[in-house]
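Positions are given from 1, in the same order as the sequence printed here.
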Amino acid sequence: MARIVRAWENDKVNYHRVVHILDSENIDEIRYNVDSQQMVVSFTNNTKYEYYDIPCHVFGAIVIADSVGSCFNELIRNKSDLYTYRKVV
């Protein structure tokens, strides 16, 4: 399981769940808004993407996975026809 620094914590920009991932080569942080089902992923290469209409159970599966990056790729990245996204600049 990935080591998580902070989980299920409110932050000040209306994201209800903030998870900092320590054991991922590619993902640094995941923010999830329960109300809008928006997920913001910050990658270790300093890029950030917003993903829309992500069900809560998908977010939950990613953050508890043994490999956060592999699970993210399987459930989100490889299903670009299912979820819309945009790069945050």
Side-chain angles (χ1 to χ4, degrees):
M1 182 182 298
R3 289 186 354 195
I4 300 173
V5 177
R6 292 185 289 168
W8 316 120
E9 175 181 306
N10 291 330
D11 79 2
K12 294 181 176 127
V13 290
N14 299 321
Y15 291 101
H16 299 285
R17 306 291 183 251
V18 180
V19 179
H20 295 273
I21 309 298
L22 286 182
D23 291 342
S24 177
E25 292 179 17
N26 297 311
I27 297 176
D28 184 43
E29 178 182 84
I30 300 174
R31 294 172 179 260
Y32 185 73
N33 184 310
V34 176
D35 297 328
S36 67
Q37 294 188 320
Q38 178 184 6
M39 187 168 75
V40 178
V41 181
S42 299
F43 294 91
T44 56
N45 66 359
N46 295 319
T47 59
K48 187 183 288 188
Y49 286 83
E50 291 178 344
Y51 297 85
Y52 305 99
D53 301 316
I54 306 297
C56 190
H57 71 274
V58 172
F59 165 74
I62 291 169
V63 298
I64 66 167
D66 287 336
S67 172
V68 172
S70 294
C71 189
F72 170 81
N73 288 340
E74 180 183 331
L75 297 178
I76 304 292
R77 187 173 183 188
N78 296 339
K79 297 190 177 182
S80 59
D81 58 323
L82 195 60
Y83 303 115
T84 57
Y85 66 95
R86 77 172 185 90
K87 185 175 183 178
V88 178
V89 288

| Under the side-chain contact (heavy atoms from CB on, under 4.5 Å) criterion, do M39 and I62 qualify, and how do the steps go? | CA-CA 11 Å; M39 187 168 75; I62 291 169; 4.2 Å; yes

| task | Could you walk me through whether V41 and E29 pass side-chain contact (heavy atoms from CB on, under 4.5 Å), step by step? | result | CA-CA 6 Å; V41 181; E29 178 182 84; over 6 Å; no

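Minimum interatomic distance between G69 and S24 (heavy atoms only, all atoms of both residues): N-OG, 4.3 Å. Closest heavy-atom contact between C56 and Q37: N-NE2, 4.3 Å. When all heavy atoms of A61 and L75 are compared, the closest pair comes out as CB-CD1, 4.0 Å.
The shortest distance between side-chain heavy atoms of Y51 and F72 falls below 4.5 Å. Put simply, the side chain of I54 reaches to within 4.5 Å of the side chain of I76, judged on heavy atoms. Side-chain contact between V68 and I30 is present, with heavy atoms from C-beta onward closer than 4.5 Å.
The CD atom of Q38 sits 9.5 Å away from the CG atom of D53 when rounded to the nearest 0.5 Å.
With sequence neighbours left out, N73 forms a side-chain contact (heavy atoms from CB on, under 4.5 Å) with R77, N78. With sequence neighbours excluded, the residues that form a side-chain hydrogen bond (donor to acceptor under 3.5 Å, both in side chains) with S70 are S67. With sequence neighbours excluded, the residues satisfying side-chain contact (heavy atoms from CB on, under 4.5 Å) with N45 are F43, T47.
Under the 3.5 Å distance criterion, the side-chain polar atoms of T44 are left unmatched by any main-chain donor or acceptor of D28.
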Identify all side-chain donor-acceptor contacts of residues 81-89 below 3.5 Å with residues at least two apart in sequence or on another chain.
from: R86; atom 1: NE; to: E50; atom 2: OE1; distance (Å): 3.0
from: R86; atom 1: NE; to: Y52; atom 2: OH; distance (Å): 3.3
from: R86; atom 1: NH2; to: E50; atom 2: OE1; distance (Å): 3.3

